[in-house]
Amino acid sequence: MAEVQAKSPARRLEDIRPLSPHLQIYKWTWTMAMSVFHRMTGLALYAGTVLIVGWLLALAAGPGPYECARWLMTSIIGKLVLVAYTWALFHHLLGGIRHFIWDTGAGFERDARMALAKFTLVGSIVLTIAFWVIVALAR
């Protein structure tokens with residue numbers, strides 16, 4: 001009887017299987033990568049929104065604070081942050097459209113899933129480049 005009690009805790013399913021078997025079993029796919037990027041861009045959009053609020057506060061505070069914010073936004077690092085924020089915005093938008101398509105019950109076939117995932121990445125890059133080309137031409 002004592003022998004059975006000693007072995008029984010090790011037979012619990014939680015002790016035998018890992019908590020997240022997908023991390024060890026599944027290979028990395030486009031849809032998995034786009035799911036991760038969708039979550040990351042959502043977090044990046046929160047951070048970018050804080051920067052936009054900071055810019056608006058500087059604008060409301062007067063010429064001195066606004067000039068500081070303008071200098072920061074027009075620096076190399078500021079421009080890189082703005083481009084990254086724009087990419088995150090477009091990527092998250094296209095990821096949301098991809099999820100909306102799935103919500104309608106369409107796009108679950110393997111080829112459709114792969115095409116939507118690739119379109120999300122490529123489309124976000126193309127839209128970001130197009131946006132910044134338009135901005136450059138508008139100056």
Find the distance between CD1 (Ile101) and CZ (Phe119) and round it off to the nearest 0.5 Å.
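It comes to 8.0 Å.
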Rounded distance [0.5 Å steps], OG1 in Thr86 versus NE2 in His91:
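Thr86 atom OG1 to His91 atom NE2 measures 14.0 Å (nearest 0.5 Å).
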Exercise: identify the closest heavy-atom pair between [X] and [Y]:
{"X": "Gly96", "Y": "His38", "result": "N-CE1, 3.5 Å"}
{"X": "Thr120", "Y": "Leu94", "result": "O-CD1, 3.8 Å"}
{"X": "Leu72", "Y": "Ser75", "result": "O-OG, 2.8 Å"}
{"X": "Phe90", "Y": "Leu127", "result": "CE1-O, 3.6 Å"}
{"X": "Leu121", "Y": "Met34", "result": "CB-SD, 3.9 Å"}
{"X": "Pro65", "Y": "Ala58", "result": "O-CB, 3.6 Å"}

Quick check on the hydrophobic clustering: are [X] and [Y] connected, directly or via other members, by side-chain heavy-atom contacts under 4.5 Å?
{"X": "Trp55", "Y": "Leu45", "value": "yes"}
{"X": "Trp132", "Y": "Ile52", "value": "yes"}
{"X": "Val135", "Y": "Leu93", "value": "yes"}
{"X": "Met73", "Y": "Leu57", "value": "no"}
{"X": "Leu56", "Y": "Tyr66", "value": "yes"}

[X] side chain near [Y] side chain, heavy-atom distance below 4.5 Å:
{"X": "Val36", "Y": "Trp28", "value": "yes"}
{"X": "Glu67", "Y": "Pro63", "value": "no"}
{"X": "Met114", "Y": "Asp111", "value": "no"}
{"X": "Val83", "Y": "Phe131", "value": "no"}

Cut-off 3.5 Å, side chains only: do His92 and Thr41 have a donor facing an acceptor?
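Side chains of His92 and Thr41: pair found under 3.5 Å.
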Is it the case that atom [atom1] in [X] sees more than 12 heavy atoms from other parts of the structure closer than 6.0 Å?
{"X": "Trp71", "atom1": "CH2", "answer": "no"}
{"X": "Phe108", "atom1": "CZ", "answer": "yes"}
{"X": "Ile76", "atom1": "CD1", "answer": "no"}

Check against side-chain contact (heavy atoms from CB on, under 4.5 Å), Thr128 and Tyr85
CA-CA 9 Å; Thr128 301; Tyr85 181 76; over 6 Å; no
Pair Leu116, Trp102 - check side-chain contact (heavy atoms from CB on, under 4.5 Å), show working.
CA-CA 10 Å; Leu116 285 170; Trp102 286 344; 3.7 Å; yes
